[in-house]
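Here's the structure, in structure tokens; my notes come after.
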Number of protein chains: 2
Amino acid sequence: MDKSRRPDLAAMLFPLGRALIAIEEPILTTNGLSMWAYAVLLGLGDEPVRTQAALASAIGADKSRLIPVLDDLQDRGLITRRPDPADRRVRLVRITPEGRRLRDRTQASIQRAEERLLEVLSPGDRQAFVRTLHALHESVRAADPAASPPSGD
Amino acid sequence: MDKSRRPDLAAMLFPLGRALIAIEEPILTTNGLSMWAYAVLLGLGDEPVRTQAALASAIGADKSRLIPVLDDLQDRGLITRRPDPADRRVRLVRITPEGRRLRDRTQASIQRAEERLLEVLSPGDRQAFVRTLHALHESVRAADPAASPPSGD
DNA sequence: TATTGTTATACTCTATAACTATA
DNA sequence: TATAGTTATAGAGTATAACAATA
């Protein structure tokens, strides 16, 4: 710190990401969700429909990798997947009320854990950090052509 | 943002990490370094010696995965690896002047690229973000028993 | 016997490309 | 023919465990 050199951003971000995964994985397991399944439920938001390819790129996944995840979520009644009457090649994916409940319950649990990780920061620093991280995230997403559409959120 | 729900920390961190990798990978390639090779050069710091196992855990890698990386760096004269006279099971790994030059040159290039990513932030926000990220990184590292020793830095 | 470094192996994750069904 | 979804396959990355040298 006293040297003119600061650690690389990535050198700080990645250990933090690893720590987050370590904290969140047991919570996901408890709720019967894989990381990608959780990402799908988050990615569906409350919007009624979507195509699988758009959903995949929105959460940074390959469309082929999503198939077994969607199969499982559908089997468990957490999402529905029906052909679009207008274009039967397309599947309309939507989250069910039960899926929404599980997602929200899981997210609440995860965010509580995340807050504990942030507890070392002052309330002001914590708020500023989350706000800035959000701004950076938006900026990065806007720069990525393959990212989710800039609709809601 | 207007809803009471904020995005998960991880949901913001990971796309940011992906963007960082996308930015930094071409720079590393230009300098003839893999991500792990770069991590090794950073992990060696300027301290004269270290054991491979400690080096591995310090950068969050498995010791077995480091072997080919060290072999290559050694072949290229960027590090030296000699048996410790005091305990010949141990290899003393140290960065060479040439390795230090390459590392510093690469890091300068990477940090310039990182700064461009941070340019969407005000100078104050940028500084606060880096400072807070550093604090979180230290906190996480202190909590991880397998992490690097709390010696310097 | 315990430990460091090394090698070999198996496993997971991810991306690519062929296949089907609709248009 | 082109596109959405699906399936199958190959590749990279990672972790585990066996091995050799030294203590």
Side-chain angles (χ1 to χ4, degrees), chain A residues 10 14-15 17-19 21-22 24-25 28-29 33-40 43-44 49-75 79-94 144 146-149, chain B residues 10 14-15 17-19 21-22 24-25 28-29 33-40 43-44 49-75 79-94 144 146-149:
Chain A
F14 278 85
R18 257 183 248 141
I21 286 184
E24 300 185 1
E25 202 138 70
L28 289 172
T29 302
L33 292 172
S34 70
M35 201 170 50
W36 284 117
Y38 179 59
V40 163
L44 285 174
V49 298
R50 218 146 183 177
T51 87
Q52 294 182 189
L55 175 61
S57 82
I59 64 177
D62 191 89
K63 61 172 180 165
S64 69
R65 184 180 341 140
L66 236 52
I67 309 291
V69 178
L70 294 175
D71 287 347
D72 178 58
L73 289 174
Q74 186 177 25
D75 286 350
I79 64 169
T80 62
R81 188 165 42 154
R82 300 180 318 131
D84 184 343
D87 181 347
R88 294 221 306 273
R89 294 174 301 183
V90 175
R91 311 295 160 140
L92 264 41
V93 184
R94 77 177 68 194
D144 182 1
S148 64
Chain B
F14 278 85
R18 256 184 249 140
I21 286 185
E24 300 185 1
E25 203 139 70
L28 289 173
T29 301
L33 291 172
S34 70
M35 201 171 50
W36 284 118
Y38 179 59
V40 162
L44 285 174
V49 298
R50 220 147 181 176
T51 88
Q52 294 182 192
L55 176 61
S57 82
I59 64 177
D62 192 89
K63 61 172 180 163
S64 69
R65 182 178 347 139
L66 236 52
I67 309 290
V69 177
L70 294 175
D71 286 348
D72 178 60
L73 289 173
Q74 186 177 24
D75 286 351
I79 64 169
T80 62
R81 188 165 42 155
R82 301 180 317 129
D84 184 343
D87 181 347
R88 294 222 305 274
R89 293 174 302 184
V90 175
R91 311 296 159 139
L92 264 40
V93 184
R94 77 177 67 194
D144 183 1
S148 64

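Chain naming here is simple, since letters A, B, ... match the order of the sequence lines and numbering starts at 1 in each.
Between the CD1 atom of B:Ile21 and the P atom of D:dG13 there is a distance of 11 Å, rounded to whole Å. Whole-Å rounding puts the B:Leu66 CG to D:dA15 P distance at 12 Å. As rounded to whole Å, 12 Å separates atom C1' of C:dT20 from atom NZ of A:Lys63. The interatomic distance linking B:Ile67 (CD1) with C:dT7 (P) rounds to 7 Å, in whole Å. In this structure, A:Glu25 places its CD atom 12 Å from C1' of C:dT12, rounding to the nearest Å. To the nearest angstrom, P of D:dA2 lies 23 Å from CZ of A:Arg88. When rounded to the nearest whole Å, the span between CD of A:Gln74 and P of D:dG5 equals 13 Å. Regarding A:Met35, its CE atom lies at a distance of 15 Å from the P atom of C:dT12, rounded to whole Å.
With DNA chain D read from its 5' end, the first of the two nearest nucleotides for A:Arg81 and B:Arg65 is the one closest to A:Arg81. In terms of position on DNA chain C, the residue among B:Pro68 and A:Ala61 whose nearest nucleotide sits closer to the 5' end is B:Pro68.
The two residues A:Ser64 and A:Asp62 make their nearest non-hydrogen contact at OG-OD2, 2.7 Å.
B:Asp87 comes within 4.0 angstrom of the backbone, heavy atoms only, and of no base.
A distance of 11.0 Å separates OG1 of A:Thr80 from CG of A:Leu73, quoted to the nearest 0.5 Å. With rounding to the nearest 0.5 angstrom, the CG atom of A:Leu70 is 12.0 Å from the CZ atom of A:Arg65.
Comparing D:dA4, D:dG5, D:dT7 by their nearest atom to the side chain of A:Arg89 picks out D:dA4. In the set C:dT7, D:dA23, C:dG5, C:dT7 carries the atom at the smallest distance from any side-chain atom of B:Ser64. The side chain of B:Asp62 has D:dA15 as its nearest neighbour among C:dA21, D:dA15, D:dT7.
An OP1 or OP2 oxygen of C:dT14 is reached within less than 4.0 angstrom by a side-chain nitrogen or oxygen of A:Trp36.
Taking 4.5 Å as the limit, some side-chain heavy atom of B:Gln52 sits within range of a side-chain heavy atom of B:Ile67. B:Val40 is not listed as a side-chain neighbour of B:Val93, based on a closest heavy-atom distance of 4.5 Å or more.
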